[in-house]
Amino acid sequence: MKNRGAMMFLIGLFSALAVGWLGFPALLYHNIEQPLQFSHNVHTGENVGMACADCHTSSEDGHFTGIPAVAKCAECHSAVLGETENEKQLVEEYITPNREIPWLVYARQPENVYFSHAPHVQLAELTCERCHGPHGGSESLRPLQRNRISGYSRDIWGPSMTRLGNAPWQGMKMDDCSRCHHERNVQESCMDCHK
């Protein structure tokens, strides 16, 4: 009888842990769809062959200027070129009225973090894929998974709560940055990123 009670306790404990481990992330994050669907692959593929920097540019001092303005899209899409509803929506709702697209940012860092693309892209010559993954080959935009408590994207933490098995680009936490710096023998201090 005593062993049965202990066994039932362990079954209950592990069941509760499993439900919490699997259920907590589902409750913690909520999906928010992007305002417009977009295929990176159409733009970066063989037919068009654009590079990330063609739309996601840097200023002259090397600082990343972020998501492209609708004027950048209008350079090619002043009128509908294809047959997709998404392109039609782009032209009618954003380009024609010159209204910026309210994109949701997957990689927004916490307020106490200072990050500049310049030393990473220009000095270290890191590719966009090193930190952002194969995003440039995507056929559609996935929803932003926003943390209900912190308000940050799940991309900061990565897809796994354990962080085990995450690819180098799956996560933008301090440990991820420090690991990359250590691999490249880059000396770092707190004030490099926290200003």
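- The pair Arg146-Asp155 fails the salt-bridge criterion, with no side-chain N (NZ, NE, NH1 or NH2) lying under 4.0 Å from an Asp/Glu carboxylate O.
- Note that the OH atom of Tyr114 and the CD atom of Gln109 stand 13.0 Å from one another [nearest 0.5 Å].
- Every ring pair (Phe, Tyr, Trp, His ring centres under 6.0 Å) that Phe38 has, sequence neighbours left out, goes to His40, His43.
- The main-chain N or O of Ala167 is found under 3.5 Å from a side-chain atom of Gln170 such that the two form a donor-acceptor pair.
- Using a 4.0 Å cut-off between charged side-chain N and carboxylate O, Asp176 and Lys173 make no salt bridge.
- Linking Ile, Leu, Val, Met, Phe, Trp and Tyr whenever their side-chain heavy atoms come within less than 4.5 Å leaves Leu144 and Tyr152 in two separate clusters.
- Side-chain contact between Tyr29 and Ser153: absent, with no pair of heavy atoms (C-beta onward) separated by less than 4.5 Å.
- From Asp175, atom CG reaches atom NE2 of His182 across 12.5 Å, with rounding to the nearest 0.5 Å.
- Using a distance-only test at 3.5 Å, with no hydrogens or angles considered, a donor-acceptor pair links the side chain of Arg130 to the main chain of Pro168.
- Between Ala74 and Ile95, the shortest heavy-atom contact is CB-CG2, 3.7 Å.
- Ile149 pairs by the side chain to side chain contact (heavy atoms under 4.5 Å, CB included) definition with Leu28, Asn147, not counting sequence neighbours.
- Only one option out of Asn86, Thr84, Leu90 pairs with Gln37 in a side-chain contact (heavy atoms from CB on, under 4.5 Å); it is Asn86.
- Looking only at distances, a side-chain donor or acceptor of Asp54 sits under 3.5 Å from a matching main-chain atom of Ala51.
- Hydrophobic clustering (side-chain heavy atoms under 4.5 Å, transitive across Ile, Leu, Val, Met, Phe, Trp, Tyr) groups Trp157 together with Phe24.
- With hydrogens and angles ignored, the 3.5 Å screen pairs a side-chain donor or acceptor of Thr44 with a backbone N or O of Gly136.
- Sorted by first and then second residue, the salt bridge (charged side-chain N to carboxylate O under 4.0 Å, His left out) pairs involving residues 87-107 (not counting sequence neighbours) form an empty list.
- The structure places NE2 of His120 at 7.0 Å from SG of Cys131, a figure rounded to the nearest 0.5 Å.
- Here the side chain of His194 pairs a donor or acceptor atom with the backbone of Asn112 at under 3.5 angstrom.
- Linking Ile, Leu, Val, Met, Phe, Trp and Tyr residues whenever their side-chain heavy atoms come within less than 4.5 Å places Leu141 and Val105 in a single cluster.
- Taking 4.5 Å as the limit, every side-chain heavy atom of Pro68 sits out of range of all side-chain heavy atoms of Thr57.
- The cationic group of Arg142 lies under 6.0 Å from the six-membered ring centre of Tyr106 and within 45° of the ring axis, placing it in a cation-pi geometry.
- Contact annotation: the side chain of Trp103 approaches that of Pro35 to within less than 4.5 Å [non-hydrogen atoms, C-beta and beyond].
- Inter-residue side-chain proximity for Glu188 and Ser178 is flagged as met; some heavy-atom pair is nearer than 4.5 Å.
- With hydrogens and angles ignored, the 3.5 Å screen pairs no side-chain donor or acceptor of Lys72 with any backbone N or O of Ile67.
- Two residues are said to be in side-chain contact when any heavy atoms from C-beta on lie closer than 4.5 Å; Met172 and Arg108 fail this criterion.
- Panel note: side chain Gln34, backbone Leu104; a donor-acceptor pair is recorded below 3.5 Å.
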